[in-house]
Amino acid sequence: MIKVENVSYIYKGSNKKILDNLNFEINKGEIVAIVGKNGSGKSTIGKLITGIIKLKKGNILIDDIDISKNKNSKMLKNKIGIVFQNPENQIIFNNIYDELSFSLNGLPKAEIEKRVNMALKQVGMLNEKDYDLYSLSLGQKQRIMIAEVLAKNPEYIIFDEVTTMIDSEGKDEIYEIIKNLKNKGYTIICITNLADEILLADRTLILSDRNIACEIKKDELITKAPILKEFGIKEPTILKILIELKKHGIDLNLKEFSVTELVNLLKGKIINEKFN
């Protein structure tokens, strides 16, 4: 579990708090989306949790380990990983294998090979292991950056607007990776403003005025959809469709909020009405 307790933050050179007495928890095995307008402090949260920027006020605990204590830094290093928006800013080596194996230095060669293969397999890039990273598409590069984090065997992963720069096909591939990771027991935080990523989450935390203004659980998305609009968050298209259907007496309960699930439920409803 991740616990964020009474966290405030001011960037150096500023006199304005970007976060003010922030409190929330992330339970093991869930996906939580953190959304908010640009400049609301979303990415700051991810950097604080991973220790990229130093916590100055408040507490952050990962499995009851205090991230602010220097003695815990090594223990936490591989417990949590983060993937950023632009994969090209994260690349160090040209070769994919070199990129993934670099952070695993110190492990036996066989263990490094095993971890690299496992990570690439999870993102569907095992066949490209010996490729030049710069020959890949932006979406493929981002999948390699996800694999680089997975190779360290973390329990928690933060995705900081990872699909913002990627085309729709690349987005879908990464969404499938995120779903599969959850099924494998990973705990995931999606920092995002993209509507479709809200649908992946078990809970959505809306960040506004330096704090969590609202929490929406997945099964509350239809009834609380107007709240998203209130805070300037775009409603997912599939959510708009479900709301319109409900207005016309068609109440569908989706678990995955996918187009395939919606089509199958509508087909089933039509068939039932036709033959009953």
If every non-hydrogen atom of Ile112 is compared with every non-hydrogen atom of Leu107, which pair is closest and at what distance? CD1-O, 3.5 Å
Shortest non-hydrogen contact between Ala225 and Leu239, atoms and distance: CB-CD2, 4.0 Å
Neighbour count above 12 (heavy atom, 6.0 Å) for Glu169 CD: no
Ignoring hydrogens and geometry, is there a side-chain-to-backbone donor-acceptor pair from Ser101 to Tyr97 under 3.5 Å? yes
Taking side chain as C-beta onward, heavy atoms only, is Asp160 less than 4.5 Å from Lys42? no
Count I, L, V, M, F, W, Y as connected when their side-chain heavy atoms are under 4.5 Å apart, and connections chain through other members. Are Met1 and Leu205 then in the same cluster? no
With a 4.5 Å cut-off on side-chain heavy atoms, are Ile233 and Asn193 touching? yes
Measuring from atom CZ of Phe102 to atom CG of Asn95, what distance do you get when rounded to the nearest 0.5 angstrom? 14.0 Å
Test side-chain contact (heavy atoms from CB on, under 4.5 Å) applied to Leu194 and Tyr175, step by step: CA-CA 12 Å; Leu194 297 181; Tyr175 294 160; 4.2 Å; yes
With a 3.5 Å distance limit and no angle check, can you tell me whether Thr163 reaches the backbone of Ile166 through a side-chain donor-acceptor pair? no
Provide the closest heavy-atom pair for Gly29 versus Thr187 in the form atom of the first, atom of the second, distance. N-OG1, 2.7 Å
What one should report as the nearest heavy-atom pair of Leu100 and Ala119 is CD2-CB, 4.3 Å
Roughly how far apart are Lys12 NZ and Ile53 CD1, rounded to 0.5 Å? 13.5 Å
Assigning hydrophobic clusters by single linkage (Ile, Leu, Val, Met, Phe, Trp, Tyr; side-chain heavy-atom cutoff under 4.5 Å), is Ile96 placed with Val123? yes
Side-chain heavy atoms of Lys129 within contact of Asn117, under 4.5 Å: yes
Taking atom NZ as the centre, does Lys56 end up with more than 12 heavy-atom neighbours from other residues, nucleotides or ligands that are less than 6.0 angstrom away? yes
Does the Asn211 side chain pair with the main chain of Asn21, one donor and one acceptor, at a distance under 3.5 Å? yes
Validation row: Gln122, Asn180 side chains within 4.5 angstrom (heavy atoms): no
Among Glu173, Glu148, Glu176, Glu128, the one residue meeting salt bridge (Lys or Arg N to Asp or Glu O under 4.0 Å) with Arg143: Glu173
Could you walk me through whether Ile206 and Leu228 pass the side-chain contact (heavy atoms from CB on, under 4.5 Å) check? CA-CA 8 Å; Ile206 300 176; Leu228 294 174; 4.1 Å; yes
Please check if the number of heavy atoms outside Tyr11 that lie under 6.0 Å from its OH is greater than 12. yes
What distance separates Ile45 CD1 from Ile158 CD1, expressed to the nearest 0.5 Å? 9.5 Å
Could you walk me through whether Lys171 and Asp196 pass the side-chain contact (heavy atoms from CB on, under 4.5 Å) check? CA-CA 9 Å; Lys171 282 181 171 65; Asp196 288 341; over 6 Å; no
May I have the step-by-step check of side-chain contact (heavy atoms from CB on, under 4.5 Å) for Phe93 and Leu133, ending in yes or no? CA-CA 8 Å; Phe93 296 94; Leu133 254 167; 5.8 Å; no
Can Met145 be reached from Leu138 by stepping across I, L, V, M, F, W or Y side chains whose heavy atoms are under 4.5 Å apart? no
With rounding to the nearest 0.5 angstrom, report the OH to CG distance, Tyr186 to Asn153. 6.0 Å
Glu30 side chain to Asn27 backbone, donor-acceptor under 3.5 Å: yes
Atom NZ of residue position Lys182 - does it have more than 12 heavy atoms of other residues, nucleotides or ligands inside 6.0 Å? yes
Taking the side chain as every heavy atom from C-beta outward, state whether Leu207 and Ile212 have any pair of such atoms under 4.5 Å apart. yes
Here the pair of heavy atoms bringing Lys141 nearest to Tyr134 is CE-CA, 4.1 Å
Check whether any side-chain heavy atom of Asp20 lies under 4.5 Å from a side-chain heavy atom of Ser8, and answer yes or no. yes
Non-hydrogen side-chain atoms of Leu48 and Leu19 separated by less than 4.5 Å: yes
Check for a donor-acceptor pair, side chain of Gln90 on one end and backbone N or O of Phe84 on the other, with a separation under 3.5 Å. yes
Short question: side chain of Glu220, backbone of Lys217 - any donor-acceptor pair under 3.5 Å? yes
In plain terms, say whether Lys79 and Asp63 are close enough for a salt bridge, that is, a side-chain N and a carboxylate O under 4.0 Å apart. yes
Rounded at 0.5 Å granularity, tell me how far CG in Leu199 sits from CD1 in Ile238. 7.0 Å
Any ion pair linking Glu235 and Lys240 (charged N to carboxylate O, less than 4.0 Å)? no
Cluster overlap Leu126 with Val149, hydrophobic side-chain contacts below 4.5 Å: yes
Does Thr192 use its side chain to pair, donor to acceptor, with the backbone of Glu161 at less than 3.5 Å? no
Minimum heavy-atom separation for Ile243 to Ile222, with atom names? CG1-CG2, 4.0 Å
Would you kindly confirm whether Ile49 and Ile178 end up in one hydrophobic cluster when ILVMFWY residues are joined by side chain heavy atoms under 4.5 Å apart? no
Can you tell me how far apart CD1 (Ile80) and CD1 (Ile2) are? Round to the nearest 0.5 Å. 4.0 Å
Without swapping roles, check the side chain of Gln142 against the backbone of Val162 for a donor-acceptor pair under 3.5 Å. yes
Given Ile26, Ile157, Asp202, Leu181, the one that forms side-chain contact (heavy atoms from CB on, under 4.5 Å) with Ile31: Asp202
Check whether Arg115 reaches the backbone of Ala151 with its side chain - one donor and one acceptor, N or O, closer than 3.5 Å. yes
4.5 Å side-chain heavy-atom contact, Ile34 and Phe24: yes
Side chain of Asn6, backbone of Gly58: donor and acceptor closer than 3.5 Å? no
